[in-house]
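Residue numbers begin at 1 in each chain, while the letters A, B, ... track the order of the sequences. Quick caveat: nothing in here was measured; it's all calculated off a predicted structure.
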2 protein chains.
Amino acid sequence: MRVRDDDLDAVTPVDHDDTDIGEINEIIGFHIRLAHGACYRHFTETFAELDLTQKQVSVMWLVDDHPAISQIDLGQRLRMDRATTMTIINRLQARHFLRREKSPTDGRKQALFLTAEGEKVLGAAKLAIREHENWVKSRFTDAEVKTLMELLARIHE
Amino acid sequence: MRVRDDDLDAVTPVDHDDTDIGEINEIIGFHIRLAHGACYRHFTETFAELDLTQKQVSVMWLVDDHPAISQIDLGQRLRMDRATTMTIINRLQARHFLRREKSPTDGRKQALFLTAEGEKVLGAAKLAIREHENWVKSRFTDAEVKTLMELLARIHE
DNA sequence: CGGCGATTGTATGCAGTGCAAACAAATAGG
DNA sequence: CCTATTTGTTTGCACTGCATACAATCGCCG
């Protein structure tokens, strides 16, 4: 019962399935966006119960790895500007996963620390991350994963 | 209290430069997000003058490739829901790059067409896309580009 | 043929993210 | 000491994603 609409413009010499998108399919940026979207959706599903976003998990992870890190440093490592970093820190602080302290060495900076609850949540998040990673990696060999990581890293420097 | 925060967790066998992010660096989803972010930023710069987003260009491109396409079909091909598709179509229509017509074969559907101005803008956009693509591809060999596209496609099916 | 469920478009609201501008507090450097 | 810079903060705007609700239309089945 599915109506095919491919019949009126079947001119492009590419595969034509239900989701043929023509020459835009050759644009690498387009594939990066689609792949990111697919990842984002699966991540959101996986973290629905924990109610955490990618950024929030990344921030907690980094704060755990680097206690007393400043917001600006955090933002630079995750490629976020100060305003975006603020939003995320505020949210995590409101949920008592993280706390701000005045940096003793630089009065401008805030020193960030996970709370005990934050540590607990991060532990659960890391388990969910593993599940999410397996979802991504399930379609690749180990060598392909290595290659993909290497190529992606070259894009974001 | 430490001045440097790198010294207390130098256990992960990864490079440690100014933007070391520790074990999170081994998460493939993280690299996809960073790569997407880098692409997004460069795209935004490249299209600042044309004032177009990735989605808007994708939509115009697809409407041009598939005249009389419906909104739902467009959304499925670009992995967007109806509400998001609406927003983009509305914006493009308000700028007179695109027009809606009632589908003659299905009263529920809208048939989408580019206007003459839309065609013109799409032409300019495709040039900008080429520039953007070159920015991405400049760090890869042709074989690597092919590999990357193939691996990315496997993520979003 | 008629009614009912499914599809499509539309409108509204909420949340996450990105970016810019402006301001205050503190630091760094001459 | 004075000035420029850094850092955090706030505010506002825009794009995107998702959920919900509603109306019009279509397809299918009795």
query = Does B/E45 have any salt bridge (charged side-chain N to carboxylate O under 4.0 Å, His left out) partners at least two apart in sequence or in another chain, and if so, which?
reply = none
Taking OP1 and OP2 of [N], is either one under 4.0 Å from a side-chain nitrogen or oxygen of [X]?
X: A/R100; N: D/dT9; answer: yes
X: B/Q54; N: D/dC15; answer: no
X: B/R91; N: D/dC15; answer: yes
X: A/Q110; N: D/dT9; answer: yes

inquiry  = Can you tell me whether the side chain of B/R108 and the base of C/dG9 have a donor-acceptor pair closer than 3.5 Å?
reply    = no
Could you state the atom-to-atom distance from [atom1] of [X] to [atom2] of [N] in whole Å?
X: A/L78; N: C/dT17; atom1: CG; atom2: P; result: 11 Å
X: B/L92; N: D/dA14; atom1: CG; atom2: P; result: 16 Å
X: B/M80; N: D/dC18; atom1: CE; atom2: P; result: 11 Å
X: B/I88; N: D/dA14; atom1: CD1; atom2: C1'; result: 13 Å
X: B/L74; N: C/dG9; atom1: CG; atom2: P; result: 9 Å
X: B/L52; N: D/dC15; atom1: CG; atom2: P; result: 11 Å
X: B/R82; N: D/dG17; atom1: CZ; atom2: C1'; result: 14 Å
X: A/Q56; N: C/dG16; atom1: CD; atom2: C1'; result: 8 Å

request  = Considering only NZ, NE, NH1 and NH2 on the basic side and carboxylate oxygens on the acidic side, decide whether A/E144 and B/R154 come within less than 4.0 Å.
outcome  = yes
Pair A/D142 + A/K146: basic N to acidic O under 4.0 Å = no
Residue whose nearest DNA chain D nucleotide is more 5′ - B/T87 or B/G107 = B/T87
Residue whose closest nucleotide on DNA chain D lies nearer the 5' end, A/N90 versus B/P104 = A/N90
Mind checking if [X] touches a base, just sugar-phosphate, or nothing, with heavy atoms under 4.0 Å?
X: A/R33; answer: nothing
X: B/D81; answer: base
X: A/T53; answer: sugar-phosphate

Could you tabulate the donor-acceptor pairs under 3.5 Å formed by side-chain atoms of residues 112-128 of chain B, not counting sequence neighbours?
from, atom 1, to, atom 2, distance (Å)
B/T115, OG1, B/H96, O, 2.7
B/T115, OG1, B/F97, O, 3.4
B/T115, OG1, B/E117, N, 3.4
B/T115, OG1, B/G118, N, 2.9
B/K126, NZ, A/E23, OE2, 3.1

Along DNA chain C (nearest heavy atom to each residue), the more 5'-positioned of A/D106 and B/G37 = B/G37
message = Heavy-atom nearest nucleotide on DNA chain C for A/K55 versus B/I72: which residue maps closer to 5'?
response = B/I72
ask   = Taking a hydrophobic cluster as the set of Ile, Leu, Val, Met, Phe, Trp and Tyr residues connected by side-chain heavy atoms closer than 4.5 Å, whether directly or through intermediates, do B/F30 and B/L151 fall within one such cluster?
value = no
